Amino acid sequence: RSPLPCAANGLSSGGRMQKELPTFRPATRADGAAVQAMVFEILREYQLAPDPTNTDVDLADLEHFYRQGWFAVLEWGGQIVGSVGLLPESEDVMELRKMYLRRVHRGRGWGRLMLERSLQEARALSARRITLGTATVLVEAIALYEQFGFQRIHTTHAAARCDQVWELDLQQPQASN
């Protein structure tokens with residue numbers, strides 16, 4: 001698949017006017033170092049510890065790790081500015097992973113675009129439910145998840161830095177986001 005602007009991928013900007021939209025494309029092995037650097041930079045921005053040997057080992061080989069799921073990067077001006085992935089947890093449950101957006105690109109609706117696209121991909125992969133782990137300090141992300149109808153569940157996540165687990169039932173009518 002060739003990369004397309006988000007609007008061409010069926011994504012909207014929520015009705016706001018934007019001059020140009022970023023480009024989504026499937027991640028390749030060659031993107032691993034750039035994605036890892038971006039994710040680790042954002043984690044440090046929130047005083048969260050990168051974990052390259054456990055939680056973040058997936059970044060070393062995106063194509064291999066996500067071969068049963070989906071992983072995409074968001075590009076702007078030829079640079080990777082965002083990432084998001086889906087990893088199967090069970091036959092009909094996907095975990096939303098590594099949804100990150102560089103600080104300078106936040107507030108433009110691009111996180112919403114990434115989440116919308118992720119939900120589309122999860123449905124295309126026959127998921128009935130999406131789970132995710134996050135950290136309390138990621139308040140912007142948590143607000144976005146709530147807008148999309150995710151519910152906090154009281155269980156623990158395998159990643160030490162994640163102190164919250166959320167889920168979305170993809171069979172329920174979509175929340176007004």
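Only a predicted model underlies this, so the values are computations on that prediction, with no experimental measurement involved. Position 1 is the first residue of the sequence, and the numbers go up from there.
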Considering non-hydrogen atoms only, spot the tightest contact between [X] and [Y] and give its length.
| X | Y | result |
| --- | --- | --- |
| Pro26 | Asp31 | O-OD2, 4.3 Å |
| Leu170 | Ala122 | CD1-CB, 3.9 Å |
| Met99 | Gly111 | CE-O, 3.3 Å |
| Ala49 | Arg161 | O-NH1, 3.2 Å |
| Gly133 | Cys162 | C-SG, 3.6 Å |
| Trp166 | Arg152 | CE3-N, 3.3 Å |

query: Can you name the one residue among Glu121, Glu75, Met114 that meets side chain to side chain contact (heavy atoms under 4.5 Å, CB included) with Phe24?
result: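 It is Met114, the one option of Glu121, Glu75, Met114 that forms the side chain to side chain contact (heavy atoms under 4.5 Å, CB included) with Phe24.
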Donor-acceptor check, side chain of [X] to backbone of [Y], threshold 3.5 angstrom: yes or no?
| X | Y | value |
| --- | --- | --- |
| Arg106 | Leu101 | yes |
| Asp163 | Thr136 | yes |
| Arg108 | Leu21 | no |
| Glu63 | Arg29 | yes |
| Asp51 | Asp56 | no |
| Arg102 | Val81 | no |
| Arg67 | His64 | yes |

query: Any side-chain donor-acceptor pair under 3.5 Å between Arg112 and Gln147?
result: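 Yes.
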Can you tell me how far the [atom1] atom of [X] sits from the [atom2] atom of [Y], to the nearest 0.5 Å?
| X | Y | atom1 | atom2 | value |
| --- | --- | --- | --- | --- |
| Leu74 | Thr23 | CG | OG1 | 7.5 Å |
| Gln79 | Met38 | CD | CE | 11.5 Å |
| Leu125 | Met94 | CG | CE | 4.5 Å |
| Gln36 | Ile80 | CD | CD1 | 12.0 Å |

- prompt: Between Lys98 and Asp58, is a side chain to side chain contact (heavy atoms under 4.5 Å, CB included) present by the stated rule, with each step listed?
  reply: CA-CA 9 Å; Lys98 301 300 190 283; Asp58 55 334; 3.2 Å; yes
Can [Y] be reached from [X] by stepping across I, L, V, M, F, W or Y side chains whose heavy atoms are under 4.5 Å apart?
| X | Y | answer |
| --- | --- | --- |
| Trp110 | Val84 | yes |
| Ile42 | Val137 | yes |
| Leu132 | Tyr100 | no |
| Val39 | Ile142 | no |
| Leu144 | Leu48 | no |

message: With a sphere of 6.0 Å drawn around CD of Glu45, does it hold more than 12 non-hydrogen atoms of other residues, nucleotides or ligands?
response: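 For Glu45, atom CD is crowded (more than 12 foreign heavy atoms under 6.0 Å).
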field: Check against side chain to side chain contact (heavy atoms under 4.5 Å, CB included), Phe150 and Leu115
entry: CA-CA 11 Å; Phe150 280 81; Leu115 188 53; 4.2 Å; yes
field: Pairs satisfying salt bridge (Lys or Arg N to Asp or Glu O under 4.0 Å), at least one member in residues 82-92, at least two apart
entry: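 For residues 82-92: Asp92-Arg128.
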message: Evaluate Phe71 against Arg97 for side chain to side chain contact (heavy atoms under 4.5 Å, CB included), listing each step before the verdict.
response: CA-CA 9 Å; Phe71 198 95; Arg97 293 179 54 93; 5.8 Å; no
So, do [X] and [Y] sit near enough that their side-chain heavy atoms are less than 4.5 Å apart?
| X | Y | answer |
| --- | --- | --- |
| Tyr66 | Leu86 | no |
| Trp70 | Gln120 | no |
| Leu168 | Leu119 | yes |

message: Determine whether Gln164 and Tyr145 satisfy the following criterion, side chain to side chain contact (heavy atoms under 4.5 Å, CB included), listing intermediate values before the conclusion.
response: CA-CA 12 Å; Gln164 296 184 22; Tyr145 302 141; over 6 Å; no
